[in-house]
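To keep things clear, I will list the structure first and then write my remarks on it.
What's counted below: heavy atoms across the whole structure, side chains too, no hydrogens, waters or symmetry copies. Letters go in sequence order (proteins before strands), and every chain restarts at 1. Because the structure is a prediction, the values reported are computed rather than measured.
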Amino acid sequence: MIVMGLAKEFRLAEAEVGKTYEVVRLEGFGAVRRRIMDMGLVPKTRVKLINVAPLGDPLDLEVKGFNLTIRKSEASTIIVKEVGQ
Amino acid sequence: MERRALQLAVKKFKVAIAGNPNVGKSTLFNGLTGGRAWVGNWPGVTVEKKVGRIRVDGRYLEIVDLPGIYGLTAYGVDELIARNFIVEENPDVVVNIANAANLERNLYLTVSLIEMGANVVVCLNMVDLATDQGYKVNSEKLSQMLGVPVIPTVAVEGRGIEELKKAVVEAAERREKPAGLVNYGSKVEGEIGRLSEIVEKDLELARKYNSRWVAIKLLEGDSDVEDKIKLSPLSREILDQAAEAREKLKSSLGRDLEGYIVEKRYEFVSQLVEECIGVLVRKPITLTDMVDYVVTHKVFGIPIMLTALYMAFKFAFDVAAPLCDLIDWFFGCLLYDLAATLPGLAGSLLADGIITGVGSILIFVPNLAFIFLFLALLEDVGYMARAAFVVDKIMHKLHLTGKSLLPLILGFGCNLPGIISTRAIEDENDRKTTALACPLISCSARLPVYLVIAGALFSAYVTGVVWSMYILGVIFALIMATLFRKLLFKGPSSGFIMELPPYMRPMLKSIGIKTWERLKRFLFKAGTVIFIGVVAVWLLSITGPGGYLGVEALGEATLLEQSWIGVIGHGLEKIFTPMGWGWQASAALFFGFIAKEIVVGAMAVLFGVSEEGLIGAVSGAFTPLTAYAYMAFVLLYLPCLATLAIIRGELGLKYALFTAVYEFILAYFVAFLIVGIGTLVGLGG
Ligand SMILES: Nc1nc2c(ncn2[C@@H]2O[C@H](COP(=O)(O)OP(=O)(O)O)[C@@H](O)[C@H]2O)c(=O)[nH]1
Ligand SMILES: [Mg+2]
């Protein structure tokens, strides 16, 4: 058994600008969930929060080498954990 | 006979172009077809469809530009259109454009297309950008791993287009379908095998669809494929087996199947990327990130956006103004006077009917051309996506999306480009809602009406009164949009899950084509309707219940009162009794239907005064209260003919009629309330 310092899991909506995370799993359902997955936000993928829109929503993420926008309400269905740089 | 033999000799192939948004589909489509295309809508929806025909090596290729898509699910309208076209119409080749500079997400679609059983040729576009960013894609390796041809191109420069054409024809002649690409692991593969075996027992299904694809989609729980299966005599057996397999796999994998399948597909894509992309240099901070830092800045983001749009606007109007004047002069004075020298009816038909009609269409063209030009520029550079990003939160509160903002803002200049630009909104519900609310925004053509009426009755407060009209327009547009989205075009928000494309150097050609396409749409879709409208009003003015009145009626108030227009004016006066507008003011509204600015000129004719004497006539005909109600009515009552024509072109006749009716009711209601409440609080008289 490999024991690691278990990284804390939380929602992508609570992420900090400039930090990189790894997708753990997706909650949510239906069209929006599928769209999120089709855009490449599947488990084990790395995401970096690049920026937040002036009014605090939506978010600008970097995923698989491109910039993806997503609303906080959708980001809160994505469970991530922090990864060291 | 001879002709038929000839036709048989020429092979025809159907080719579809599929790819993510912003990868260069339109550019490639134009490159392939030379810009000659038939543009319409997909049946039943307002999604654009483009078809073009070319000849390559003695074969005809019919090329269809599919909507930009990220995946092939049954959820999105665009994705369903693309998918159904590929399964039902069975194109000979699907050209999948992938962005070489963003390969990972793009290849996901490629893999999905191949899995569907499409005869795919990959067009690896934007290799110039990839090189700039320090990547090198090994297209031979990619082709080998995918089992389909991969042709590198730079669509904007036309590089690789000839090779692509050749590859398309070769693939069409070959017509082989690659086998399964992604390995979903033994458990899932076992179920896929079992399911597809049953599917293949129905020969009809097996002929039409790729059975492996059907099996995978059933495991994913795809509702559209399930509906297709329901038509099969074996539907019971297939669906039961699918449900059973899903249950079994869910417990043995310990997670949801749909997510598992997508993940596996992406795992395969990652492998492709790892083996086919060589990183030459790593660039730490891209220009895009730096520019984004500024234009989406917490404090400066929104002011920058407003300034950018305002400048685009102002510039478009300033540059276009002399051209508009020139057209106005050419039609309104030169040609008009020339035609008017012709005697009698013919001269009037030519001058007041045809020339005025054509003139009133062309007068829009310079403004529209420059607005479209700027839009295309901002779009191609990549700024539009940022503008939507910056305001999405506000718009989302109103049940719209950030992308609805631009059409509404454009509406201040002219409702036409506003409505046409709703094409950029992917969600059909959002698009319809925005297009229907847009005409409530006070366009520049309404300003002259406000100025004359406010000038006559609110001399000291003209600016404030005019401003209040603009604000009223915005308030009603937002209220109606919210209502429409909640009541008429229900359905969940499709979120704001989209790509912010990297900033790009604008390409003159691509901007030119985009501008011209939109302008052409206006000319053909709106032109005919406006023209017919103008001629109809002309006819109604020179004839009346008593028969033919003579063309003099157009310039004489007493004669005009006898015409059908006079009759309509008196009829409208009755409807407008609560508001206390005279028949002249009411009939002027009818003319305003052609274009709102005509209300002023029409009132002058109807009151029998020159435009200079109009202020006096108007101040005698209204009280401040009824005048204010009249202005609000002009703001809301009917979109002009051109706007209606464009709504018909974009959304269909049903929605054009709906817009006319709802706006009229809204306007009446608002004018009634203004007069009613005003009288109650003692402002009347
Ligand atoms: N650098 C570069 N830009 C391209 C290439 N192909 C298209 N573009 C640009 O990419 C943008 C999007 O192209 P467009 O054809 O509208 O994409 P569509 O959304 O897929 O139809 C436009 O600004 C094009 O000028 C290419 O090969 N290289
Ligand atoms: Mg396009």
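- Contacts between A/K44 and chain B at a heavy-atom distance below 4.5 Å involve the side chain alone, from C-beta outward.
- A/L26 does not touch chain B: none of its heavy atoms, backbone or side chain, sits under 4.5 Å away.
- Contact annotation for B/Y266: only side-chain heavy atoms (C-beta onward) come within less than 4.5 Å of a heavy atom of chain A.
- In this structure, A/R25 CZ and B/D256 CG are separated by 11.5 Å, a value rounded to the nearest 0.5 Å.
- Residues B/T110 and B/N96 have side chains that bring a donor and an acceptor to within less than 3.5 angstrom of each other.
- For B/Y108, the part lying near chain A is the side chain, with the backbone staying farther off; criterion is any non-hydrogen pair under 4.5 Å.
- Neither the backbone nor the side chain of A/V63 comes within contact range of chain B, judged by heavy atoms closer than 4.5 Å.
- When B/G301, B/G259, B/G495 are compared by the number of non-hydrogen pairs under 4.5 Å with chain A, B/G495 comes out ahead.
- Every pair passing salt bridge (Lys or Arg N to Asp or Glu O under 4.0 Å) that includes a residue from residues 56-67 of chain A is listed here, sequence neighbours excluded: A/K64-B/E104.
- At a threshold of 4.5 Å between non-hydrogen side-chain atoms, the residues B/I304 and B/T296 do not count as touching.
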A/L49/A/K19 under side chain to side chain contact (heavy atoms under 4.5 Å, CB included): CA gap, chis, key distance, verdict: CA-CA 6 Å; A/L49 180 58; A/K19 282 199 177 160; over 6 Å; no
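- For chain A, no part of B/S223 is nearby; none of its heavy atoms comes within less than 4.5 Å.
- Applying the salt bridge (Lys or Arg N to Asp or Glu O under 4.0 Å) test to every pair with at least one member in residues 382-404 of chain B, sequence neighbours left out, gives these pairs: A/R71-B/D392, B/D292-B/R386, B/K403-B/E426.
- If you tally non-hydrogen atom pairs under 4.5 Å between each of A/N67, A/L68, A/V42, A/L41 and chain B, the highest count goes to A/N67.
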